[in-house]
Amino acid sequence: MTIDMSQFYQVFFDEAAEHLANMEGLLLGLDVSAPSLDDLNAIFRAAHSIKGGAGTFGFTDIASVTHVLENLLDKLRKEELALATEMVDAFLAAGDVLKGQLDAHRNGGSSNPGDAEDVTHRLEALTSGGTVAPATAAVAEASPATVTPMNAQDNMLADVSEALSGTASRWLITFKCDAEGEALEKLWAGLRDLGGLETRSRPAKKGKKSKLEGKWEVELVTSQGEAAVRELFDFVVNVEDLTVQLVTPPAPVKAPEQEAYGFFDDAPGNPLGLENDSGYGFFQSAPGSPLQEVEGSGYGFFEPMVVASGGAAVVEQSYGFFEPVPPAVAANIAKVESEKAVALASAPEPEAGATLRNEAVPGRRASDQPSVAEVKVGRRDNDKAVAAATASGDSSSIRVGVEKVDQLINLVGELVITQSMIAQMASKVDPVIYESLIHGLDQLERNTRSLQESVMSIRMMPIAFVFSRFPRVVRDLASKLGKKVELKTVGEGTELDKGVIEKIADPLTHLVRNSLDHGIESTERRIEAGKPETGTITLKAFHQSGYIVIEVIDDGGGLSRERILAKARERGMSISDSMADSEVWQLIFEAGFSTAEKVTDVSGRGVGMDVVKRNIAAMSGRIEIDSSLGHGTRISIRLPLTLAILDGMSIEVGGELFIVPLTLIIESFQPTAEDLSTVRGSGVMVKVRGEYLPVIALHEVLGLQPRLVQHGKGIILIVESEGKRVAMLVDELVGQHQVVIKSLDSNYRKVPGFSGATIMGDGRVALILDVGAVVQRAGQQLLEAA
Amino acid sequence: MMQAVIENYHASAGVAGASPGPVQELLTFTLGKEEYGIEILKVQEIRGYDSVTAIPNSPDFIKGVINLRGVIVPIVDLRIKFALGSAEYNQFTVVIILSVANRVVGIVVDSVSDVLALGDEQLRPPPELGTIMDSSYIIGLGALQDRMLILVDIEKLLTSRDLGLIDQVSQ
């Protein structure tokens, strides 16, 4: 009966992470004074889905936090409580806690349970503190349009007890039962037919194979007599193992009857509908193991082990599967568009009972998967469309593993090389005789090009996936710093490679935090300077000739040339007052460089900007600063569209072909004898416009025999490496190519001095130079020689 | 070349089916005067030696990398590694492309001779010394009618620290 749930964990983690991100985005977009009901519902659904998944997979900590979260959200969307800023803060905090818990589960670590408790208390306080107490049960009020199946089903339980409350008695039934599976299912089904059922405690199961120990304790609210109840237990339970006790005699009054459940700690008179979630009793009564109760709530056809960790989601599903759904409720479920899939998956399949646990997972997936897939793959649409698709569960996209896509890209890359090889061969034939062949080859070329383009575009994602995190970053940080800051994003639809997206997030976060902390002035200073009170940070992305440019613009104080220069002098850096502004600004990327007057916990330690620059450089990008004192700063990052393709210059040294990334090359020239001079102890220097640069003879570093032995022949390539400029002596420049980067270490190992390899048009392999490493190596060789 | 090997393989597989007991199928190649056998399932293909791009500053037995249908594959010349006289590269030089430890690696040998099925009764324990390879890579000896086959754990050999084909960190 057990299936290995862990195989679905990854799906859950992915889904939950997306739901959380979605939730956070919606929360940040909420207008506190007039929240949109749609948004609240969407947030609720996200929380609900996470809870469901967490329950199914037995992540009780996640389930319990989301449950409390959901309670408050439920009140909000039913307009029983007014949204307040502190609620949004609490929601965001809960989101963070959940993220931590998810990470903990994913990586097998542990999250801080204190955080979860704090946020749970916070949410509970908000939930109960603001409780308005409507006189009538909320069941009647809950508008069909906002009822999710969970609630519909909860309401059903409420309906049952309400309907029965006039004449019903409450029975406490204790019994011992070894039976599992079908026999037990029948029993539960029978009991439920009699009335409302609650499980108080269930037998513990020790070990996987051992028998159940202990007793079942269930509460039944029914209008039937004891005999009818006992009758059900015939054949399943020995008579001596069964006790049936009358707890409450028929109670005509509703409110006390609800209290008589005994496991709410709600204020008396709290309407059942309002608290219908807690009506399950899985929270307040057993704080230690919040989901223990649920698991037993009578749908015991799951194997206890699984259900013990099952929790809410399974119960939800099981309701759909088994409860005789009252038509009205079923209709309600069906009306709830976003949850349509759940209703479809569950309602029409009552016979799926025996295989419920198996069904439950596909059921969930059937309902959630399309929307998630939409989020993942649907990136090609703009973000609004993504959000819309998430809500509607559109299934027009599929989720594909990155490695499959990469394989496809590789194959297409091969095809392009093969095509160009054929084209090269065909260029030698007589175009008159082979006219149709050449015609066909032209077509082949066009088709392969467009094939390559569309395949490459699979990996492209809109930068909105990075930008979307910043409203939160800005909001949190601005409130921490007591600044008023508005974030604008422009060009979120700009697409770039997934690999770049993943790597750009951290540097960009750093830049935004920096702008917020150091760029934007305090409110008072802004008013003094005659600027609007609220500062603006703009994130902008656009394409520019094969590159993507991402800009972080703030309208803050700007960089102070004097202060940077003073600081640089203090640190003993070689600077001059005549340096161009752009060069001065580059100084802030030096390690340990900070002009901040005081170090805060946000920034100012001078770590970070150098890391940012290094990260950008690692993606063969460039970072530039443009600043005007008193008006603001603009930091632009230029990145290649994809990490898989590199603009390179092919060079020849000692008969071998190498690729140098084009972004690193500043200039190249043929040196004359006068340009070169030998400095004792530090090798050869070359004079470039009055500046002396060290010359690195590439053939020496690579241990090759150069074709052109003396300096003075060959070509000098000025390259930038880690902020320094060096001259590289090579035999020849061959040409400029776009090359597909292949890793050397997938079949071999990392080779010092090379960042990878590529396949040239003729099918040969060429190695891509890692300029930084080559420069380093040259320095070492020089040291060894000296 | 490949075609011939495959035909040979099928022929010997037929023989293997008839004989009782566990049977190991081996690709045999020669290095110097010795004949070696490696597990056939590790062999991906056999091809000629062509357009190898040298990797600067690497040991001389690592000839470089080739483009094998879009995959960058390192080539190791076992003849140089085991110092077996002249290592010539001509149209008869053979590269065995192996798939070991989730990697694709090519080895250059003197010649590929056969595909054989070896029964348990033909296996002998490895010798203590006397072969050009370190005996720790040798699984055993195979006795054929008139010759002796040295069975090599090619995966162990190629992932060994000795060859440095793999980053030591990843080991």
Side-chain angles (χ1 to χ4, degrees), chain A residues 406-418 421 644 650 652-659 698-706 739-754 756-770 773-774 777-778 780-781, chain B residues 42-45 47-78 80-81 89 95-108 154-155 157-171:
Chain A
D406 286 348
Q407 196 186 354
L408 192 63
I409 289 174
N410 268 342
L411 288 174
V412 172
E414 282 310 294
L415 189 66
V416 172
I417 291 169
T418 316
M421 271 155 64
S650 57
E652 208 202 287
V653 183
E656 296 279 347
L657 213 56
F658 298 99
I659 308 286
L698 205 53
H699 61 264
E700 279 171 21
V701 180
L702 301 178
L704 297 167
Q705 278 301 316
V739 299
V740 178
I741 304 170
K742 307 229 167 202
S743 84
L744 272 172
D745 49 339
S746 60
N747 284 323
Y748 186 45
R749 58 185 168 88
K750 286 198 166 55
V751 182
F754 301 98
T758 189
I759 294 165
M760 304 300 290
D762 60 359
R764 283 184 67 100
V765 179
L767 299 172
I768 301 167
L769 274 185
D770 178 350
V774 165
R777 203 185 169 97
Q780 280 168 7
Q781 282 183 350
Chain B
K42 300 262 191 274
V43 179
Q44 189 181 312
E45 66 185 90
R47 52 184 286 143
Y49 184 91
D50 185 28
S51 57
V52 177
T53 301
I55 299 174
N57 300 323
S58 57
D60 55 355
F61 59 85
I62 291 174
K63 294 311 296 173
V65 286
I66 58 162
N67 163 26
L68 183 72
R69 293 181 294 280
V71 181
I72 308 279
V73 175
I75 302 293
V76 184
D77 195 330
L78 289 186
I80 300 176
K81 172 68 196 166
Y89 301 96
V95 179
I96 305 174
I97 306 290
L98 298 159
S99 178
V100 289
N102 292 323
R103 284 154 183 270
V104 184
V105 179
I107 55 171
V108 183
I154 194 72
E155 183 151 349
L157 173 68
L158 289 180
T159 54
S160 68
R161 196 173 277 261
D162 209 16
L163 279 187
L165 272 179
I166 296 172
D167 275 325
Q168 296 308 335
V169 195
S170 66
Q171 267 193 325

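What you see is a predicted model; the values in this text were computed from it and never measured. Chain identifiers are assigned alphabetically (A, B, ...) following the order of the sequence lines, protein sequences preceding nucleic acid strands; residue numbering begins at 1 within each chain.
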- Task: Examine whether an atom of B:Val105 lies under 4.5 Å from a heavy atom of chain A, and if so say whether it belongs to the side chain, the backbone or both; otherwise answer neither.
- Result: side chain
- Which region of A:Leu744, side chain (C-beta onward) or backbone (N, CA, C, O), has a non-hydrogen atom less than 4.5 Å from a non-hydrogen atom of chain B, or is it both or neither? side chain
- Any chance you could measure A:Tyr748, atom OH, to B:Ser58, atom OG, to the nearest 0.5 Å? 5.0 Å
- Item | Minimum side-chain heavy-atom gap A:Leu767-B:Pro56 below 4.5 Å | yes
- Taking B:Asn57 for the side chain and A:Val701 for the main chain, is one N or O donor matched with an acceptor at less than 3.5 Å? yes
- Any donor and acceptor pair, going by atom type alone, linking the side chain of A:Asn747 with main-chain N or O of B:Ile72 inside 3.5 Å? yes
- Can you measure from CE (A:Met760) to OG1 (B:Thr53) and round to the nearest 0.5 angstrom? 10.0 Å
- Kindly compute the distance separating CD1 (A:Ile759) from CZ (B:Arg69), expressed to the nearest 0.5 Å. 11.5 Å
- Least distance between heavy atoms, A:Val765 atom then B:Ile66 atom: CG2-C, 3.5 Å
